[in-house]
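Inspection log for the structure reproduced underneath, given as structure tokens.
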There are 2 protein chains.
Amino acid sequence: MNESPPAGPPPAPKGTVTQRAIERIKAMIGEGLLEPGQRLPTERDLGVQLGISRSSVREAVRALTVMGVLEARHGSGIYVTQLQAGDLLETFGVVADLSRGPRLLELLEVRRVLESTAAALAAARITPGQLEAVGGHLAAMNATDDPDEILAHDLAFHREIAAAAGNETMAAILEGLSSRTFRTRVWRGYQEEGAYARTRREHAAIHRALAARDPEAARAAAGAHVGEVERWLRDQGGP
Amino acid sequence: MNESPPAGPPPAPKGTVTQRAIERIKAMIGEGLLEPGQRLPTERDLGVQLGISRSSVREAVRALTVMGVLEARHGSGIYVTQLQAGDLLETFGVVADLSRGPRLLELLEVRRVLESTAAALAAARITPGQLEAVGGHLAAMNATDDPDEILAHDLAFHREIAAAAGNETMAAILEGLSSRTFRTRVWRGYQEEGAYARTRREHAAIHRALAARDPEAARAAAGAHVGEVERWLRDQGGP
DNA sequence: CCACCAGAAGTGGTCCGACCACTGCGCACT
DNA sequence: AGTGCGCAGTGGTCGGACCACTTCTGGTGG
């Protein structure tokens with residue numbers, strides 16, 4: 001009769017129940033209690049353990065799934081992802097897709113910086129096999145007139161370079177920054193100006209720098225490539 | 001009696017219901033039907049519109065909330081965010097916090113690249129007021145011995161520079177890459193080696209380059225700064 | 001003995017209905 | 001007119017039920 005009104009410390013009084021659940025699960029992983037690839041308790045059990053309803057558990061799991069931390073397999077269970085990049089890319093891509101105006105330019109600026117660096121790293125580390133793959137996409141891109149196919153090979157071209165840079169995280173970020181719809185939106189108008197030729201020239205320059213194992217040349221070529229799109233976009237929305 | 005078994009086109013048969021709901025809402029925003037700051041229909045109404053239950057709507061909203069696209073205000077309604085960067089930082093920070101081993105190094109490498117660029121941009125654009133703020137954090141950092149306070153001013157120091165670079169998106173990414181717990185974890189051991197002096201020297205060098213409006217010097221100083229932490233971390237987990 | 005398949009158990013996915021906590025606004029009271 | 005209270009509306013939480021899918025198990029036939 002003396003501690004009911006004054007304070008009830010046990011049931012943590014912060015934020016919403018779901019928010020707390022997210023923190024709890026996140027903490028479990030952070031503390032190593034949950035290893036990547038490991039299976040979590042069932043939603044029902046988690047609800048009991050955390051003292052919350054299954055609905056709230058589901059929302060927490062959904063949130064962590066979106067973040068790329070957890071993965072739910074229907075009929076099997078919930079698992080901790082390998083956190084192997086490419087998992088956080090989805091969120092990043094969504095933001096990129098929804099960005100407009102000045103934000104788009106900023107995104108492109110970030111991409112230019114990372115793409116340049118990736119190209120420089122790739123020039124130093126790329127394997128003959130990877131170089132051949134890059135060349136393949138370059139050739140395929142030049143051999144067709146179908147915009148969709150060109151776009152696909154363009155994406156693959158850059159993806160291959162990012163992979164060759166040896167930094168999966170950077171590759172994942174670039175992947176998000178070059179998400180399909182994002183790219184499609186920008187290219188729609190860009191290519192109408194007959195920018196194909198310039199694009200081909202720039203891609204060829206990047207490929208040449210990679211083949212020559214010249215990091216600085218690759219950095220410059222990649223930077224110029226993205227910079228061109230940047231310039232076009234700036235002119236577009238500007239005056 | 002003749003179209004029940006053959007085909008049911010209206011209820012698109014792809015993915016889970018929640019996933020579809022996410023796409024639908026995302027599309028509404030992408031197509032401009034939902035302006036930033038605008039209020040969405042209630043969860044109950046959305047359920048009716050999309051032909052799904054409120055539970056599923058809630059999960060979809062939760063997912064988009066985590067992505068920083070929506071914001072739910074208890075008792076008021078669901079709103080579209082301004083997509084003003086800093087919203088996607090949370091997810092990015094979580095990933096950074098949970099990363100381990102090689103992934104951590106990759107993250108740091110990305111940070112080095114962006115931090116260098118931000119410093120270079122800041123050197124060209126920084127205002128006297130911002131420069132003073134940077135100097136203030138530098139002085140405050142050198143004036144105390146409390147690790148927590150040092151960390152706080154360290155974060156503010158870099159945040160101020162990122163802001164001065166004039167690219168909010170880049171600043172948001174750097175913010176996520178320097179999230180509190182991430183930083184704390186790395187610094188715990190780093191500072192034990194009496195790295196304070198070196199950190200102070202490096203920070204001073206960055207500040208000097210900014211004051212001199214020398215982009216290349218700022219780029220080099222910032223790159224070296226992050227690179228030092230990188231080197232230490234590599235030595236740590238290596239042999 | 002092995003390969004294969006049908007069933008059962010367990011899991012996430014979806015739906016429903018109820019109630020709680022908070023916000024916002026309008027009405028009545030002062 | 002100013003103030004406070006109450007009510008309607010909204011997101012937050014809960015519990016239970018059922019569905020869809022995966023997985024393992026046991027049996028059956030080769």
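Order of the sequence lines sets the chain letters (A, B, ...), proteins ahead of strands, with each chain counted from 1. Remember, it's a predicted structure, so these values are computed and weren't measured experimentally.
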> Roughly, in whole Å, what's the span from CG in B:Leu70 to P in D:dT10?
Replying inline: 17 Å
> In whole angstroms, how far is the P atom of D:dT10 from the CD atom of B:Glu71?
Replying inline: 17 Å
> So B:Glu59 and B:Arg62, salt bridge (Lys or Arg N to Asp or Glu O under 4.0 Å) or not? Walk me through it.
Replying inline: CA-CA 5 Å; B:Glu59 282 198 35; B:Arg62 166 71 61 181; over 6 Å; no
> How would you list, by chain and number, every residue that makes a side-chain contact (heavy atoms from CB on, under 4.5 Å) with B:Asp148, sequence neighbours excluded?
Replying inline: B:Asp146
> What is the per-nucleotide protein-contact pattern of nucleotides 13-23 of chain D, from the 5' end, where B denotes a base atom under 4.0 Å from a protein heavy atom, S denotes such proximity for sugar-phosphate atoms only, and - denotes neither?
Replying inline: BBB-BB-BBBS
Determine all donor-acceptor pairs shorter than 3.5 Å in which one atom belongs to a side chain in residues 39-47 of chain A; sequence neighbours excluded.
unit_1	atom_1	unit_2	atom_2	d
A:Arg39	NE	A:Ser76	O	3.3
A:Thr42	OG1	A:Asp45	N	3.1
A:Thr42	OG1	A:Asp45	OD2	3.4
A:Glu43	OE1	A:Arg54	NE	2.9
A:Glu43	OE1	A:Arg54	NH2	2.9
A:Glu43	OE1	A:Arg58	NH1	3.3
A:Glu43	OE2	A:Arg58	NH1	2.7

>> Rounded to whole Å, please give me the gap between CG in A:Leu46 and C1' in C:dT11.
In response: 13 Å
N/O donor-acceptor pairs under 3.5 Å from side chains in residues 129-136 of chain B, not counting sequence neighbours:
unit_1	atom_1	unit_2	atom_2	d
B:Gln130	OE1	B:Thr127	N	3.1
B:Gln130	OE1	B:Thr127	OG1	3.3

> Considering residues at least two apart in sequence or located in another chain, which fulfil the ring-ring contact (aromatic ring centres under 6.0 Å, His included) criterion with A:His153?
Replying inline: A:His137
> Can you check the B:Arg39 CZ to C:dG24 C1' distance for me, whole Å?
Replying inline: 11 Å
> Quick one: side chain to side chain donor-acceptor pair (under 3.5 Å) partners of B:Thr144, sequence neighbours excluded?
Replying inline: none
